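See below for the structure under consideration.
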Amino acid sequence: MKVDPASLATGYRTSKVVGSTVLNEANEKVGTIDDLIVTPSDKVPFAVLSVGGFLGVGNKYVVVPYSALEVREKKMVLPGATKESLKSLPEFKYVN
């Protein structure tokens with residue numbers, strides 16, 4: 001398998017992505033990236049977002065395709081998202 005190291009170096013390490021604040025186009029915080037998950041069948045990453053709550057209390061985890069996120073000026077942006085729209089998504093629960 002060929003991998004272009006120069007192209008790869010322009011990407012984002014998961015250690016930098018996890019914990020990032022997620023904003024919408026209005027620069028409003030709509031969540032935080034809690035984790036990235038790759039499934040064996042899809043082979044594409046999904047972002048687990050923590051939404052709602054305060055200081056980790058009362059938060060809910062939801063999943064969005066990582067491809068739905070955009071990086072703008074070193075900020076993670078989820079176009080069209082609101083806290084309410086994310087809270088209405090099905091809750092994600094970690095198995096382990």
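We're numbering straight along the sequence, starting at 1. Nothing here was measured: the structure is a model prediction, and the numbers come from that model.
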Nearest heavy-atom neighbours spanning [X] and [Y]:
X   : Y   : value
P79 : A68 : CD-O, 3.5 Å
V51 : K87 : CG2-CG, 4.2 Å
N59 : G52 : CB-O, 3.7 Å

For the hydrophobic clusters of this structure (ILVMFWY residues joined by side-chain heavy atoms under 4.5 Å, transitively), does one cluster hold both [X] and [Y]?
X   : Y   : result
V77 : V64 : no
V30 : V62 : yes
M76 : L89 : yes

Just distance, no hydrogens or angles: give the donor-acceptor pairs under 3.5 Å from side chains in residues 9-20, sequence neighbours left out.
from : atom 1 : to  : atom 2 : distance (Å)
T10  : OG1    : S7  : O      : 2.6
S20  : OG     : K16 : O      : 3.0
S20  : OG     : V17 : O      : 2.8

Any K75 side-chain heavy atom under 4.5 Å of N27 side chain: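 Counting from C-beta outward, K75 and N27 do come under 4.5 Å.
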Test item: side-chain donor near acceptor, S88 and S85, under 3.5 Å: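 No.
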N-O pairing of E70 and R72 below 4.0 Å: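 So E70 pairs with R72 through a salt bridge.
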Chi angles and distances behind the side chain to side chain contact (heavy atoms under 4.5 Å, CB included) call for F46, V63: CA-CA 6 Å; F46 293 89; V63 177; 3.6 Å; yes
Result of checking L86, L78, T32 against V22 for side chain to side chain contact (heavy atoms under 4.5 Å, CB included):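 Option passing the side chain to side chain contact (heavy atoms under 4.5 Å, CB included) with V22: L78.
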Tell me which donor-acceptor pairs under 3.5 Å the side chains of residues 33-42 have, and how far apart each pair is, sequence neighbours excluded?
from : atom 1 : to  : atom 2 : distance (Å)
D34  : OD2    : Y94 : OH     : 2.5
T39  : OG1    : D42 : N      : 3.1
T39  : OG1    : D42 : OD2    : 3.0

Straight-line distance of E91 CD to Y61 OH, nearest 0.5 Å: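 So the CD of E91 and the OH of Y61 are separated by 9.5 Å.
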